[in-house]
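Numbers here simply count residues along the sequence, with the first being 1. Below, each value reflects all heavy atoms present in this structure, side chains not excepted, and no hydrogens, waters or symmetry copies.
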Amino acid sequence: MASLLVWSQDGRTFTLREGALIDSGEQPYTFGSKPIRLAHPMEMKPGDVSAWQRYFNGHAIKQPFAQVWEPFMRPETVRVDRYQGCEVPVYRFKGQEKHGIDFEYDQWSSDQDLSIYFSDHALEFNAGAVLGRYEIYLDKPLTLGKFTSKTYTRLTNHIVARLDQWTIIGRIMRDDVTIMAQMKGTTLA
């Protein structure tokens, strides 16, 4: 499993190949005394990210999740109106706990409460057409509003990448030119 991921130690990245540690240039890597953690593109040097992408592609190695392929958006580019007016089917939000998105629907409450929670984030939405009498239409879209975040963390970046993935096709189909700013952050994944 260690050979399918990129690791970070004191700002340097490495992986395991055939029992040996290598850096992004496929040169030998030696452990230091600092703690080791899973690397994340927002904390890596841009050259390392592209080198790791070439490494995994060149060796036909599939990562268990989109580690080096997760786009990194600079915090200043993630404006509150990034998803304003975008439509996303309700089913996209269901079962996304591992991605930091909690979905709750109470069909028995008097106002049929639909809630979507993000850790340290908020996404406004209009559930208008998705709620029927005592049921929710999972294939109908939520209309998204403001997206706010207290701090920009790895999780924030992951959620933004996920929301971008869900909204990009619809925005292209609507000829929404604002999507061009986000196209720079897309990756092969």
Could you check whether any side-chain heavy atom of [X] comes within less than 4.5 Å of a side-chain heavy atom of [Y], counting everything from C-beta outward?
| X | Y | value |
| --- | --- | --- |
| Leu142 | Asn126 | no |
| Asp102 | Glu97 | yes |
| Glu43 | Ser8 | no |
| Asp139 | Pro89 | no |
| Ile116 | Ile101 | yes |

Exercise. Mind checking what makes side-chain hydrogen bond (donor to acceptor under 3.5 Å, both in side chains) contact with Thr13, not counting sequence neighbours?
Worked result: Asp48, Trp52

Distance from [X] atom [atom1] to [Y] atom [atom2], nearest 0.5 Å?
| X | Y | atom1 | atom2 | value |
| --- | --- | --- | --- | --- |
| Phe103 | Ser115 | CZ | OG | 9.0 Å |
| Leu163 | His99 | CG | NE2 | 11.5 Å |
| Ser149 | His121 | OG | NE2 | 4.0 Å |

Seminar exercise, completed: Sequence neighbours excluded, the answer for side chain to side chain contact (heavy atoms under 4.5 Å, CB included) partners of Gln67 is Leu5, Val6, Leu38, Ala39, Gln63, Phe65

For this session: Could you please spell out the steps behind the side chain to side chain contact (heavy atoms under 4.5 Å, CB included) verdict for Asp164 and Met73?
Result: CA-CA 10 Å; Asp164 281 358; Met73 275 58 74; 4.0 Å; yes

For this session: Take the angle between the ring planes of Phe118 and Phe147 and call it parallel below 30°, perpendicular above 60°, tilted in between.
Result: perpendicular

Exercise. What about Leu138 and Leu114, same hydrophobic cluster or not, with Ile/Leu/Val/Met/Phe/Trp/Tyr joined at side-chain heavy-atom distances under 4.5 Å?
Worked result: yes

Exercise. Should Tyr29 and Ile36 be counted in the same cluster of Ile, Leu, Val, Met, Phe, Trp and Tyr side chains packed under 4.5 Å apart?
Worked result: yes

Between [X] and [Y], what is the shortest heavy-atom contact and its length?
| X | Y | value |
| --- | --- | --- |
| Thr151 | Thr156 | O-OG1, 3.0 Å |
| Lys140 | Val130 | O-CG1, 3.5 Å |
| Gly145 | Gln84 | C-OE1, 3.6 Å |

Exercise. Quick one: does His59's side chain have a donor or acceptor within less than 3.5 Å of a partner on Ile61's backbone?
Worked result: no

Exercise. When you measure from the side chain of Arg82 to the backbone N and O of Thr77, does any donor-acceptor pair fall under 3.5 Å?
Worked result: yes

For this session: Please report the C-alpha distance between Arg37 and Gln9 in whole Å, then the side-chain angles of each, then the deciding distance to 0.1 Å, and finally whether the side chain to side chain contact (heavy atoms under 4.5 Å, CB included) criterion is met.
Result: CA-CA 7 Å; Arg37 61 189 251 173; Gln9 184 179 49; over 6 Å; no

Problem set entry | Single hit among Tyr105, Trp166, Tyr117 for ring pair (Phe, Tyr, Trp, His ring centres under 6.0 Å) with Phe93 | Trp166

Exercise. Do we see a donor-acceptor contact under 3.5 Å between the side chains of Tyr152 and Asn157?
Worked result: yes

Exercise. With Arg79, which residues qualify under salt bridge (charged side-chain N to carboxylate O under 4.0 Å, His left out), at least two apart?
Worked result: Asp81

Problem set entry | Stepwise side chain to side chain contact (heavy atoms under 4.5 Å, CB included) test for Thr167 and Val88 | CA-CA 7 Å; Thr167 60; Val88 176; 3.6 Å; yes

Exercise. Hey, which of Leu21, Ile22, Leu4 is the one that makes side chain to side chain contact (heavy atoms under 4.5 Å, CB included) with Thr15?
Worked result: Ile22

Exercise. Given the rule in the ring pair (Phe, Tyr, Trp, His ring centres under 6.0 Å) test, do Phe125 and Tyr83 qualify, once you have shown the distances and angles that lead to the verdict?
Worked result: CA-CA 10 Å; Phe125 61 90; Tyr83 306 110; over 10 Å; no

For this session: Go through Arg17 and Glu26 one step at a time and tell me if the side chain to side chain contact (heavy atoms under 4.5 Å, CB included) criterion holds.
Result: CA-CA 9 Å; Arg17 182 173 74 191; Glu26 299 190 47; 2.5 Å; yes

